[in-house]
Structures are given as structure tokens and as C-alpha cells.
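Just below is one structure, and these are the notes that go with it.
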Amino acid sequence: MSNPNLAVELAGLKLKNPVMPASGCFGFGREYSNYYPLSQLGAVVVKATTLEPRLGNPTPRVTEVTAGMLNAIGLANPGVEKVITQELPWLAKQDVPIIVNVAGSTEREYCRVVEEISNSGYAQAIELNVSCPNVKLGGLTFGADPKVLANLIKKVKKVSAVPLFVKLSPNVTDIQDLAIAAEAAGADGLSLINTLIGMQIDIKTRKPVLANKIGGLSGPAIKPVAVRMVYQVAQVVKIPIIGMGGIYSGIDALEFIMAGASAVMVGTANFTNPMACPKIIKEIADFMAAEGIESLEEIRGCAL
Amino acid sequence: MSNPNLAVELAGLKLKNPVMPASGCFGFGREYSNYYPLSQLGAVVVKATTLEPRLGNPTPRVTEVTAGMLNAIGLANPGVEKVITQELPWLAKQDVPIIVNVAGSTEREYCRVVEEISNSGYAQAIELNVSCPNVKLGGLTFGADPKVLANLIKKVKKVSAVPLFVKLSPNVTDIQDLAIAAEAAGADGLSLINTLIGMQIDIKTRKPVLANKIGGLSGPAIKPVAVRMVYQVAQVVKIPIIGMGGIYSGIDALEFIMAGASAVMVGTANFTNPMACPKIIKEIADFMAAEGIESLEEIRGCAL
Amino acid sequence: MLLDVTGITNLTSNIWELCLSGPFPYQRVQAGQFINILINQGKDHILRRPISIAEVDTNKKSLTIVFRVVGQGTEWLSQRQVGDQLNIIGPLGTGFQLPAKNSKVVVVGGGIGVPPLYQLVKELKQITNDLTIILGFRNQADCFWVERFAKLGQVLVATNDGSFGTKGFVTDLLDTKANYEYLYSCGPRGMLQALKNHCQGINIQGYVSLEERMACGVGACYGCVCSSADRKLHYRICKEGPVFNWEEVAL
Amino acid sequence: MLLDVTGITNLTSNIWELCLSGPFPYQRVQAGQFINILINQGKDHILRRPISIAEVDTNKKSLTIVFRVVGQGTEWLSQRQVGDQLNIIGPLGTGFQLPAKNSKVVVVGGGIGVPPLYQLVKELKQITNDLTIILGFRNQADCFWVERFAKLGQVLVATNDGSFGTKGFVTDLLDTKANYEYLYSCGPRGMLQALKNHCQGINIQGYVSLEERMACGVGACYGCVCSSADRKLHYRICKEGPVFNWEEVAL
Ligand SMILES: Cc1cc2nc3c(=O)[nH]c(=O)nc-3n(C[C@H](O)[C@H](O)[C@H](O)COP(=O)(O)OP(=O)(O)OC[C@H]3O[C@@H](n4cnc5c(N)ncnc54)[C@H](O)[C@@H]3O)c2cc1C
Ligand SMILES: Cc1cc2nc3c(=O)[nH]c(=O)nc-3n(C[C@H](O)[C@H](O)[C@H](O)COP(=O)(O)OP(=O)(O)OC[C@H]3O[C@@H](n4cnc5c(N)ncnc54)[C@H](O)[C@@H]3O)c2cc1C
Ligand SMILES: Cc1cc2nc3c(=O)[nH]c(=O)nc-3n(C[C@H](O)[C@H](O)[C@H](O)COP(=O)(O)O)c2cc1C
Ligand SMILES: Cc1cc2nc3c(=O)[nH]c(=O)nc-3n(C[C@H](O)[C@H](O)[C@H](O)COP(=O)(O)O)c2cc1C
Ligand code: FES
Ligand code: FES
């Protein structure tokens, strides 16, 4: 096997390979297009988009921790109108599928953003962010209760013409419950995991480092939790899963695929190495070639 | 300040310093007594003790991950009778307070173990383990629901003559809910956090590394989550909090204390460095001396 | 990019100068830009450390950075030796906008904010002769690169304790009646604020270089923002900055 | 404890011999015990790596380990140089119980299980002259330390492909009619099982050294257990083992 086939299909969406940058870690694609053509990617997932422009939280809003980082960006984005007029047209020219991550504070807000994105024709899929830990303490309003989540998904599905991936939060007691509820409500796929909620205290100032106090933990530190959740969810749903959390190498990506993910997203690794995504794609291909794997279907969920 | 006072009081229990080994990471104390006198410690917390002897899970039951490890020991222990007759008498001679970690499968089992330990007279306190992730998939039966937890605590309190610390699981949506319920039910203190549930897959064998598949994630990787939970719980309870999760240095311990912990436990760090606890005690003292802190009360919860 | 360490010099108790060479788009560097450095192959630290470009030599194909040891990343950097390699990305950000020819210019640096102004001053020399350089340090032991700057123009130094140059702050040396047309500055946020207040009411274009904790360093994560003057917008320090016209931003 | 690396030698494509010296309770070492090595100050790897003691020299105050590179920890170990230091704890575990004087003994090692038997054979030489050493390797390229053992006694070698010694397995070389009284073995679990089956029905004391993934290495975490023969009990390989009488454990 010298030329393994990395193509995957996610709820009808055909990707040339299973690797996508994770939302919030790749802006709207422009910056990393200075490092490689975005057409090398399976898809591009853009920053969370809300109805109105949002400034996000005060700074500092990122800090490093052991094997990871905390962020409390707080959904900073230019708002759906500017995203559609100023960001997506450029990205649409890059010959790569676009997935728009959508966030909101109310069901109405979610629905309006999804509708506008769907109508714009730029997005091949929408990722519903119901798991941002940084909006306010005790947030996660939509991502923690299966009923609330199901209601939101049903409403959003009505106004969306493109596949809907629901991005789940890991900060819950039972991820399987939420996954089952999301599938039953009509989600076309699930993305997991978003960040774990964490905090760092600077013992010199004796205060939390982040202005927002708490932030989302990402990076290698969370990989075991993420793999476990993908594995658990893969046992209870039929819709495709996009796995993420600390993926830095092809080996990491393959762990998620063997745990049941159809595709993966790469977040924090982009910051460490701007070439992380192309590197991971190559490492997956190399592994498949070395082990004689012709298609990722062969190994998806093989650890289950 | 050349001689800071590290003493702390936890629900009437006086400790010469706030550093204790975490349950399950220090056996019953014998092994590490080859490295230093146990009397240097604030207290010794022993392995989870159950009514009957337990073998635990099949091997492999430990594996390393980035900045941490997974364990699926599964409450292996010789059972309460042997613990009382063969382990605690030796430990009682080491001139250090003893905290016995108690686990069980039913309320009755918990109560019987607590009663026997309390009656034995060896334990200065009991730590109720309602958060072991390794007993069966989807376990956590007692640690995930505030009502179930409160009922257990009330029953256990009736048969215990020593202070009761309740060790909470981090694998829940709302740690504050559980903490509030535990306090209301009569807990004398809270220990947090136990391990996060994680998994590692060996891409060569294409299977989970642990025979139990899932295991508990501990070590530096979980520290931000642990600090955050201590911080959140400190805002809603008055009983003392014992913080743990990835503590490797005095700085780490101080983060927990500033987040609101009265004392700390050290788990995985013992494996990396058998002298971890004495080192951490010294580093806390050095920091206090350098910053002119006379007692830990001065800085406890100062980041809140 | 992998650059070779070609020199490392200790300047003060905790400040180091590091020279790098190797494949790098030297021509593209704008004074005030920075590079983002991977620490120990990303093994202990997943985030790169941003450090300003202090000097670039297009002929010799080399660049110089100066940094203060404040934590593990800069500690590791200070232990590099000639022959080691550094994994970097850059040049990043938007640097200083140069003034009109023959303008009257003052450059003000404080502490570790001094070196990023060196490449700027080199370029200013090509444009104007009317150049004043004001440098502030805590004390004599903390002073560095004063002579280096003195070769390019008139240098005034202030130290907090007067152990070198004038006792006081850079603002004490900045004559608001001197009719400076442009001010360029880099240093602690407090110094930049003080400078802006000091220049209140006089007609001067001020450019300041800001810092914030960064994750990506390229503009993708929105981690490193500062507020626009009216606080209605955010700018990314790593992309729209680190240099801003001080009228644009809330200091 | 910090030990100095005093020698490092490459034995086969992926097997290395490392000599250490420094403060260590050499006298206390029992053949079959192990040390637990911290990798790179614990920075990238929080768990120590257990490696058996292959030889200990109480006079020269040195000890030798031999390891196969299988992952990042052993890879790092293979890159150590003379003059580097290793942070280790040990000696750990319970080693081989020596036989009665002048017994008839066979020692069987397979692959990376060969070196832990070297110190044992040295000690056996003091006790008995009736000593057979059987070593198994995959092929000639994987063979090592055969001559070293040959200096201490009669050595029989089996390789899977016959490229060195006899073609076949160690069991093919173990004559069950030879009236061996003691068997000592270290190697892959499959080989130990095969040996035990092979010796079924003959009157022999078998001692085997086992492996399991470890966390603490000292008996505190219950991570590294094996089952007793009746599967009713667990033994900690790092404390009650790594050497067990093969009647005691479920192989
Ligand atoms: C655009 C820009 C240019 C810079 N140029 C220079 C320079 O030329 N010379 C120099 O010495 N320093 C410069 N810095 C600051 C430098 O990046 C930090 O001192 C460095 O990242 C600290 O790393 P550390 O691992 O040593 O410390 P850490 O242990 O990570 O942190 C120590 C302290 O450094 C500060 N810090 C940490 N990370 C950052 C960050 N990403 N940005 C700003 N501050 C941070 C924090 O306040 C923290 O308290 C620059 C920063 C920016 C944003
Ligand atoms: C008591 C004992 C004595 C040992 N003596 C030797 C020896 O003399 N020479 C030698 O080469 N090896 C020995 N080993 C095995 C050695 O410990 C592992 O090969 C080593 O820990 C692997 O580390 P790594 O970082 O290179 O590989 P990793 O990347 O950690 O793992 C690679 C592979 O090694 C195995 N492994 C990992 N950790 C352990 C562990 N703690 N115990 C057993 N296997 C593990 C796993 O099966 C894994 O697939 C011994 C193990 C034990 C328990
Ligand atoms: C700086 C930053 C910003 C993020 N912003 C978003 C976001 O806007 N929407 C979202 O769904 N997830 C967001 N995330 C979460 C990531 O998409 C991803 O789920 C998480 O970081 C775990 O993956 P990683 O470990 O590869 O980074 C953000 C993460 C980081 C680090
Ligand atoms: C090997 C191992 C065994 C453990 N066994 C127990 C146990 O028996 N009872 C318990 O309450 N916690 C147990 N824990 C959890 C620890 O006490 C502690 O809560 C956790 O490891 C986080 O701390 P650390 O990061 O310092 O290790 C165990 C942890 C490890 C690593
Ligand atoms: S550091 Fe990511 S946007 Fe500036
Ligand atoms: S490794 Fe901890 S008991 Fe053996």
C-alpha cells in the first residue's frame, strides 16, 4: 500500500482527509494560509460566530499550563454579518470545505445565526457550539442538559440546509446521555470534546492568571479524557463523530479514529507548530502505508 | 520570618503541616517509610479499604500518558479486617495521624467499614471515596448525584466517631451542587479531586492499553481542573477543603491553598520522586519565609 | 524555521543577547516585528515565546534578539550555546511606521523595551538627522546597549536611582517644548501611559509597542487583544500590532 | 540517587549496555532485583522505567544494566553519554533465591531476559559447578553477551532461524532427563509458560522473573500485580517479585 486513501465521508460531506483545524484555533483561515495551501485540509472550521460582534473577555485571556493551555477568549468574533461578507468569501476561494462554528446566548440567536450561515451558501456544514466554558461562570446552559440540548437542536435543524454537527462539552457527568439526546434530536454528527474547565493561579500575585479567572483547558493534557469520551459515545450513537483534544501527531489522531471517530480536529497544536495539520495528515498516511491499511473505515472504532 | 508555622487544623484534626500522601498512592505507608520518617507528614492517607478483600482489575492497570498516568487498580485491598489487624497497628506507631480512605458498593458496606475503622481507634479521620472511576464503566454511583451522596453521608456519619472527609469526583457537571449537598449532609470536610476518567489506545495493538479499558487520569495534566474545582467549591462551602491533583512542588500546593484549600494531598508525584512529600513541605516553608507569611491562614483562599 | 545560534552574550544579571542566522526572510523585517520561539522542541512548553527583533542584518543574514529571564522559557533560551538551533516563526506582527523624511524624532525605551528600538533607530538614521534617544533603566547595573545606541545618535539615560545618567524617569528627559514630530516607544505599559500623558496637548505622532500573553502569535486565536481608544474594538497585538499609534489604543 | 554513567555500549541494533557508578548500596543487591530510572528529570515522563540489574561489582562500586529500545524512555536512555547522571531508585524487588550448595542448575534466558541472569550466574558459580546456561535469541544479529556467559559455564544457544547455535527454542535445548534440580529463567511470558509446561512432571524448582507495567515500583500503588497460582491472591511484581517460584504464580 503505497498510496492509502484518506478520504472520509461525514453525514454526506466528502472530505479528502479526516484532518481539520478546530474552531477558535485557526481564525477564519487567513493566517495559516501563509504557511500552506488550505486545500490540503479535510475542511476548515472557523471561529465561533455569533449574531452580534463580540469583543470577548478582558486580557490576559490565554496562559500556558503543563502540557496544555487555558483560554478564556469568550467567543470574540466580528458577528455573523461581517463573517459572511468579509471572511467566508475569501475562504470559499481556497478550495476547501467550510464548517462554521455557531454560538449564541438564546435559542433565537442560535437559530438566526444558523439560518444566515446556511443561507449564505458558504458553509458545507455547521458546528453547533453548545459547550463554550468561557462565556460566564456556570455557563454551558445548552450543553449540560439533554432536554435543553435536544430542543435547541430541533429548532436549529429546521433552519439549516447543511449538515449539523453538535460540539459537546466534556464538563458533564454523562457524555453518553447528551450524545444520545443530540442524535435523537437530529444532529448529523457530533464533535467532541471542547475544553475542560480549568484555572491557574499565579502565586506571586496570588490571583488567577486569567482575567476571567476560569478558562478552557486544551492540549495534550486532555487527550486521555477526549479519547475516552469518543470511545464512550461511539458505543451509543450511529452518527459520525469528530474527535479532538490534544492531537499533535498522526498517532494521536489514530487513537481517536480507533476509538470510533470518523474525523479529527486539531486545535492547540497549530500554535505550537503552524504546520501541525499537514504534518498530521502525512503521519496518518505513513501509518496506513506501513500497516497496509487501505481506508480509514478499516480501523475506525477497532478498539471498541 | 525564618521559621514559618505550617500547622493546619482540619475539622478539629491538628496537622503539623498541610501535606499528606493521597489515597492509593502510598499503600499503607510501609514502602515510603524506607525513604523518610512518616512523622514528617501532615498525615498518612491509606489505600481505599473495603469490607471484603478485593483483587481489583486485571493488568495492565497503569500506563503513562502525557504529563500524567492512567490507573485502573480497581480498589485492590486486603479488606477492612486485615487492614485493621495487619496494616494500621504498624502505621499507628509512626507518630503521624492516620486517615483511612473507605470505599464500598452499597450503603451498608460503606457503613460497616466506616464503623469498624472508627471503632478500631487507629484512624484520626475517615475519607469517604465516592469517586473511584475504576470499579465499573458508568460507576460513580454515589459520587454523581447530590441526593444519593447526601443519604450515604448521613448514614455513615451516624456510625463514625471521627471526622469524615468526603472525596468528590471531578467527573460531574456541577461540583458545587455535590459539595453543597455533602456539607449539608454533615461532611466535616471535602477532598478533591479524584481522577478524571480517561483512556489510552495503543495504535500498534489497536486496543485500549488498560485491561479495564478506562482508567483514572492523575498527575500534572489534571492540575488546572483540580484548582478550578477547589476554587469553585471554596466559594460555596464553609467546611475545610483538601486539594489535590497534579501537585509536584510547593508552588503547586500553594496554588491550591490560594484557591481555598486548607491542606493538600500528593498522589502521582510520589511515583516520580519518592521524596516528593518532604520536598513539597520544604518548598512551602521556603515560600512562606521568603514572602513573610506566618501562617497558611493568611493566604488560604486569597485568590478567591 | 530552524536558525543557528551564532552568539550569546550576557548583558546584565538577567538579560541576554542572542544572535541567530540561517534561512529567514531578512529583507521582509520591519523594525518592531517579533519572532515566536519554540522552547525545547515544544516538549515542556507548548506555547512559543514571542521576542522582538532587536536588529537584523540583511547582508550578514543574521538577526539579534535580547531577552530578560523571567520564567522557564527565557531561562531555557539563556542556556543556548553557539551551534544550537532554534525553531522559530516570523517575522510576525506590524512594526513601526517610519516618519516623513527629516522629521524631528524622539525614541524612548525602557528596560527590556530598549532593544526592539535598535533596528528602528538604525532605519531612522537613514531618514533624519534630528534624532533624540531616551533610555530608562532601574539602575546602572541594569543598563545595557547604551553605547550601541550612542553610536547612532544623541542618547539621554534616566535611572530610577540616578546611578547612571539622570535620576528619574524617561518623562523627565522628554522636553515637551522640543517640537518633536514623532515619538516611538517600547517599554512597560505604565511608562507608555506616562509618556502619552506627558505629551498631552502637544502635536506629536506617538507609536508604542505593546505586549500581551500570546498563544498563536499569528492572529488566529484572538488571545492577545488590546482595546481601541473608544473601547469598541479589539486589535490583535500579534497581527495589527505590536506597534500602534497611541491615539488608536486604550493604554 | 544520582549515579554517573561510566560507559555505554551498543550491543545489537536496539540493545544497549550502560555502566553506572556512584553512591549505591551495592552490597544489598540480590541477583534479579531492578532499579527504577527517572527519564530526563521527569520532564517528559512522570513514571520511572524499571530495568533489571545485570551485574553489580561491589569492589569497583559499579552496576551494569542492559536494555532494549522500545519507546521514548529507553530511547532517551540509549542517548546517555559518559559523564551524564541518572536519577534512580533501588535496588528494588525480591530477586532470585539461591539453590542449595552443589545443586544441578539450569539457567534459561530469552532475548532481553538474558542480562538479568548474569549476576545470578556469577553468584551460582560460587555455589555449584553443575551449571547449564541456555540462551535464546531471534537470530544471530540479536545475540549478545554469549561469550560473557561462556566464561562462567557451558552455554547452549538457540535461535529461531538457526543463524546461531541450534535452530529452535530454548525448550528444545532443555533436556528434561538431565535431572536438573533448579531452573532460573527470565524472558518473554510465553517462553516462561513453555518452560513450565516442558518441565511438567519432573521434580524441579523453577524460578521466573516477571514483568508488568509499573507506576511506583516500590509496592505502594498495586499497579503491577500478578495472580497467585490459584488466582485467589495478587502479588506485587515490584515488591514480592519480580522473581517468583513458578508454582506460586499463574503464568
Ligand atoms: C510582541 C512581544 C514581544 C516581546 N519581546 C520581548 C523581548 O524582546 N525581550 C523580552 O525579554 N521579552 C519580550 N517579550 C516578553 C516575553 O515574551 C516573555 O517574557 C516570555 O514569553 C516569558 O516566557 P517565560 O517562559 O520565560 O516565562 P513564563 O513563566 O511563561 O512567564 C513569566 C512571566 O512572563 C509573562 N509572560 C508570559 N508569557 C508571555 C507572553 N506570551 N507575552 C508577554 N508576557 C508573557 C507573564 O507576565 C509571566 O508572569 C515580548 C512579548 C511580546 C508579546
Ligand atoms: C521488573 C522489570 C525489569 C525490567 N528489566 C528490563 C531490562 O533489564 N531491560 C529492558 O530492556 N527492559 C526491562 N524491563 C522493561 C522496561 O521497563 C520497558 O521496556 C520500559 O519501561 C519501556 O519504556 P519506554 O519508555 O522505552 O517505552 P514505552 O513507550 O513506555 O512503552 C513501550 C512498550 O514497553 C512496554 N512497557 C512500558 N512500560 C513498561 C513497564 N513499566 N514495565 C514493563 N513493560 C513496559 C509496553 O509493553 C510498551 O508497549 C523491565 C520491566 C520490569 C517491570
Ligand atoms: C484559543 C482557543 C479558542 C477556542 N475557541 C473555540 C470556539 O470558538 N468554538 C469552539 O467550539 N471551540 C473553541 N475552542 C475549543 C477547540 O476547538 C477544541 O475543542 C479544544 O481546544 C480541544 O482541542 P485541542 O486540545 O486540539 O486544542 C477553542 C480552543 C482554544 C485553545
Ligand atoms: C495508582 C492510584 C491509585 C489510587 N487509588 C485511590 C484510592 O484507593 N482511593 C482514592 O480515593 N483515590 C485513589 N486515587 C486517586 C488519588 O488519591 C488522587 O485523588 C488522584 O491521583 C489525583 O492526585 P495526583 O494527581 O496527585 O495523583 C488513586 C490514584 C492513583 C494514581
Ligand atoms: S496570539 Fe493568537 S491572535 Fe494574537
Ligand atoms: S508498581 Fe506500584 S505496586 Fe508495583
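Each chain gets a letter, A, B and so on, in the order the sequences are listed, and its residues count up from 1.
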Option in Cys224(D), Gly219(D), Ser227(D), Gly42(D) with maximal non-hydrogen atom pairs under 4.5 Å from chain B: Gly219(D)
Over 12 non-hydrogen atoms of neighbours within 6.0 angstrom of NZ in Lys282(B): no
For Lys47(B) against Tyr222(D), the heavy-atom pair lying closest together: CD-CD1, 4.5 Å
Any side-chain heavy-atom pair of Arg49(D) and Glu64(B) under 4.5 Å: yes
Residues, nucleotides or ligands: over 12 heavy atoms within 6.0 Å of Phe67(D) CZ: yes
Residue part contacting chain B, namely of Leu38(D), when any heavy atom lies under 4.5 Å: side chain
Check: Val225(D) and Arg61(B) side chains under 4.5 Å, non-hydrogen atoms: yes
Other residues, nucleotides, ligands: >12 heavy atoms within 6.0 Å of Gln193(D) CD: yes
Residue part contacting chain D, namely of Thr268(B), when any heavy atom lies under 4.5 Å: side chain
Over 12 foreign heavy atoms within 6.0 Å of CZ, Arg138(D): no
More than 12 heavy atoms of other groups within 6.0 Å of Glu81(B) CD: no
Region of Ile39(D) in contact with chain B, defined by heavy-atom distances below 4.5 Å: neither
Side-chain touch Val218(D)/Tyr32(B), heavy atoms, less than 4.5 angstrom: yes
Nearest heavy atoms of Pro60(B) and Arg213(D), plus distance in Å: CB-CD, 3.8 Å
Euclidean distance, His45(D) NE2 relative to Met69(B) CE, rounded to 0.5 Å: 15.0 Å
CD/Glu283(B): more than 12 non-hydrogen atoms of other groups inside 6.0 Å: yes
Top of Leu47(D), Ile46(D), Asn36(D) for chain B proximity - count of heavy-atom pairs under 4.5 angstrom: Ile46(D)
Heavy-atom contact with chain B under 4.5 Å, split by part of Lys232(D): backbone
Leu55(B) CG to Ser228(D) OG distance, which is reported to the nearest 0.5 Å: 8.0 Å
Reported CE-to-CD1 distance for the pair Met275(B) and Ile89(D), which is rounded to 0.5 angstrom: 11.5 Å
Separation of Ile73(B) CD1 from His234(D) NE2 (nearest 0.5 Å): 10.5 Å
Interatomic spacing from CD in Glu31(B) to SG in Cys221(D) - rounded to 0.5 Å: 9.5 Å
For chain D, which residues of residues 242-253 of chain B have heavy atoms nearer than 4.5 angstrom: Tyr248(B)
